[in-house]
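Accompanying notes for the structure given below.
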Amino acid sequence: MGNSALKAHLETAQKTGVFQLTGKGLTEFPEDLQKLTSNLRTIDLSNNKIELLPPLIGKFSFLKSLALNNNKLNALPEELCKLKKLETLHLSGNHLRQLPAAFGQLSALKTLSLSGNQLRTVPTQLCGLRHLDVVDLSKNQIQNVPDSVGELQAIELNLNQNQISQISVQISHCPRLKVLRLEENCLELSMLPQSILSDSQISLLAVEGNLFEIKKLRELEGYDKYMERFTATKKKFA
């Protein structure tokens with residue numbers, strides 16, 4: 001892509017606060033963006049070939065939304081965690097195996113999408129995020145859901161298409177969790193904590209495509225309690 005084209009994009013971004021450059025085969029984060037650290041509210045560099053996010057990302061202190069879906073990121077810099085106003089972070093379709101240690105400092109984060117990466121566990125850093133609404137961890141290599149998940153503040157947790165065979169009973173203690181997606185995993189019915197049904201806030205549990213028939217779920221103790229929540233929620237949105 002020519003310099004003049006990038007320049008035009010930068011000029012637009014300066015006025016709008018939005019820098020969007022998707023599907024252009026970029027191999028690196030445009031250095032010139034650092035001229036706009038105080039302007040930009042949104043950066044979308046999805047569908048490129050970016051392998052590294054430079055430390056200068058930490059300077060975009062007014063950034064609310066960052067999208068880097070379908071790039072080639074293997075890791076994220078610690079500096080990303082300085083973005084105190086960041087509300088939306090889209091990182092689906094990369095090669096991430098873990099999150100930076102300080103990820104819990106992204107205190108404004110509401111939506112996090114990490115679908116199609118190489119995570120092997122639910123990152124414990126997510127449990128410190130108080131405003132998290134939706135977390136998408138589908139299509140990773142997660143095998144179990146640890147005890148720390150009980151601290152998660154999310155309203156929706158998507159764990160579809162992983163390799164999950166074990167779930168901590170603590171998941172039923174999540175204070176705000178309403179939607180839990182566990183489709184296409186490796187769960188035996190005996191490994192699904194019954195407290196999810198009998199004693200949680202969860203009003204939508206999606207478990208198709210595991211190692212049990214859905215009708216067996218209906219025989220579990222607490223299923224009627226779950227159905228009460230499910231029906232009440234459905235009425236609310238109808």
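Excluded from the calculations below are hydrogen atoms, water molecules and symmetry mates; all remaining heavy atoms, backbone and side chain alike, are included.
- What you find for Pro77 and Leu53 is that their closest heavy atoms are CG-O, 3.3 Å.
- No path of Ile, Leu, Val, Met, Phe, Trp and Tyr side chains, each step under 4.5 Å between heavy atoms, connects Val134 with Leu129, placing them in separate hydrophobic clusters.
- Leu36 and Leu83 fall within the same hydrophobic cluster, where Ile, Leu, Val, Met, Phe, Trp and Tyr residues are linked whenever their side-chain heavy atoms come under 4.5 Å apart, directly or through other members.
- Counting heavy atoms from C-beta outward, Thr233 and Leu204 have side chains that stay 4.5 Å or more apart.
- Atom CD of Gln153 is surrounded by more than 12 heavy atoms from other residues, nucleotides or ligands within 6.0 Å.
- Side-chain contact check for Leu132 versus Ile155: every heavy-atom pair is 4.5 Å or farther apart.
- The distance from atom CD of Gln125 to atom SG of Cys81, rounded to the nearest 0.5 Å, is 8.5 Å.
- Checking side-chain atoms of Asn39 against main-chain N and O of Gly17 turns up no donor-acceptor pair under 3.5 Å.
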### Task
Carefully, step by step, assess Leu91 and Leu73 under the rule side chain to side chain contact (heavy atoms under 4.5 Å, CB included).
CA-CA 9 Å; Leu91 294 163; Leu73 298 171; 4.0 Å; yes
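- Considering only heavy atoms from C-beta on, Val149 stays 4.5 Å or farther from Cys127 through its side chain.
- Side chains of Thr124 and Ser148: no donor on one and acceptor on the other come within 3.5 Å.
- If you chain together hydrophobic residues whose side chains sit under 4.5 Å apart, Leu205 and Ile164 fall into the same group.
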task: Begin from the C-alpha positions of Leu182 and Leu192 and carry the test side chain to side chain contact (heavy atoms under 4.5 Å, CB included) through to its verdict.
output: CA-CA 10 Å; Leu182 287 162; Leu192 192 71; 4.2 Å; yes
Practice item. Give the C-alpha distance, both sets of side-chain angles, the deciding distance and a yes or no for side chain to side chain contact (heavy atoms under 4.5 Å, CB included) between Gln34 and Lys59. Key: CA-CA 8 Å; Gln34 58 188 324; Lys59 294 181 179 165; 4.2 Å; yes
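- The backbone N or O of Leu114 sits less than 3.5 Å from a side-chain atom of Asn140, completing a donor-acceptor pair.
- More than 12 heavy-atom neighbours from other residues, nucleotides or ligands sit within 6.0 angstrom of NZ on Lys84.
- Proximity of Phe212 to Glu188: side-chain heavy atoms (C-beta onward) are nowhere separated by under 4.5 Å.
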Applying side-chain hydrogen bond (donor to acceptor under 3.5 Å, both in side chains) to Thr22 and Asn47, what does each step give before you reach the verdict?
CA-CA 6 Å; Thr22 60; Asn47 303 311; 5.3 Å; no
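- Atom CD of Glu221 has 12 or fewer heavy atoms from other residues, nucleotides or ligands within 6.0 Å.
- Looking at Arg176 and Asp133, a side-chain N of the basic residue comes within less than 4.0 Å of a carboxylate O on the acidic one, giving a salt bridge.
- Remark: side-chain polar atoms of Asn160 are not paired, donor with acceptor, to backbone N or O of Asn158 under 3.5 angstrom.
- Atom CG of Leu76 is separated from atom CD1 of Ile57 by 10.0 Å, given to the nearest 0.5 angstrom.
- Taking the side chain as every heavy atom from C-beta outward, Leu45 and Phe29 approach each other to under 4.5 Å.
- In this structure, the side chain of Asn162 engages the main chain of Leu137 through a donor-acceptor pair within 3.5 Å.
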Practice item. Go through Gln166 and Gln143 one step at a time and tell me if the side chain to side chain contact (heavy atoms under 4.5 Å, CB included) criterion holds. Key: CA-CA 7 Å; Gln166 283 185 308; Gln143 293 173 8; over 6 Å; no
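- Residue Phe19 comes nearest to Pro30 through the heavy atom pair CE2-CG, 4.3 Å, listed as atom of the first residue, atom of the second, then distance.
- One distance of note links CD of Glu78 with CZ of Phe103; it measures 11.0 Å at 0.5 Å rounding.
- With rounding to the nearest 0.5 angstrom, the OG1 atom of Thr12 is 11.0 Å from the CG atom of Leu21.
- To the nearest 0.5 Å, atom CZ of residue Phe62 and atom OG of residue Ser38 are 6.5 Å apart.
- Atom-to-atom distance recorded for Ser165:OG and Ile142:CD1 is 12.0 Å, nearest 0.5 angstrom.
- With hydrogens and angles disregarded, no donor-acceptor distance shorter than 3.5 Å links the side chain of Arg130 to the backbone of Leu109.
- A heavy-atom distance below 4.5 Å is not found between the side chains of Glu208 and Glu184.
- Under a 3.5 Å cut-off, the side chain of Asn74 and the backbone N or O of Leu96 do not form any donor-acceptor pair.
- In this structure a side-chain-to-backbone donor-acceptor pair under 3.5 Å is present from Asn48 to Leu26.
- A distance-only check finds a donor-acceptor pair linking the side chain of Ser200 to the backbone of Ile202 [under 3.5 Å].
- For Lys215 and Glu213, the salt-bridge test passes: some basic side-chain N is under 4.0 Å from an acidic carboxylate O.
- Residues Ile50 and Thr27 are not in side-chain contact: their nearest non-hydrogen atoms beyond the backbone lie 4.5 Å or more apart.
- Placement of Leu56 and Leu89 within a single hydrophobic cluster is found when ILVMFWY residues are connected by side-chain heavy-atom separations under 4.5 Å, directly or transitively.
- Using modelled atom types and a 3.5 Å distance limit, the side chains of Ser92 and Ser113 yield a donor-acceptor pair.
- Residues Leu159 and Val135 have side chains not in contact (no heavy-atom distance under 4.5 Å, counting atoms from C-beta outward).
- In terms of modelled atom types and a separation under 3.5 Å, the side chain of Ser46 and the main chain of Asn69 share a donor-acceptor contact.
- Summarising the local packing, NZ of Lys110 is surrounded by 12 or fewer heavy atoms from other residues, nucleotides or ligands at distances under 6.0 Å.
- With hydrophobic clusters built from ILVMFWY side chains whose heavy atoms lie under 4.5 angstrom apart, Leu187 shares a cluster with Tyr223.
- Here the closest heavy-atom approach between residue Ser172 and residue Ser195 is recorded as OG-OG, 2.8 Å.
- Put simply, the side chain of Asn70 never gets that close to the backbone of Asn94: no donor and acceptor are under 3.5 Å apart.
- For the pair Arg181 and Glu156, the salt-bridge criterion is met [side-chain N within less than 4.0 Å of a carboxylate O].
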Verify side-chain hydrogen bond (donor to acceptor under 3.5 Å, both in side chains) between Thr42 and Ser65, making sure each step is shown before the conclusion.
-> CA-CA 5 Å; Thr42 299; Ser65 174; 4.7 Å; no
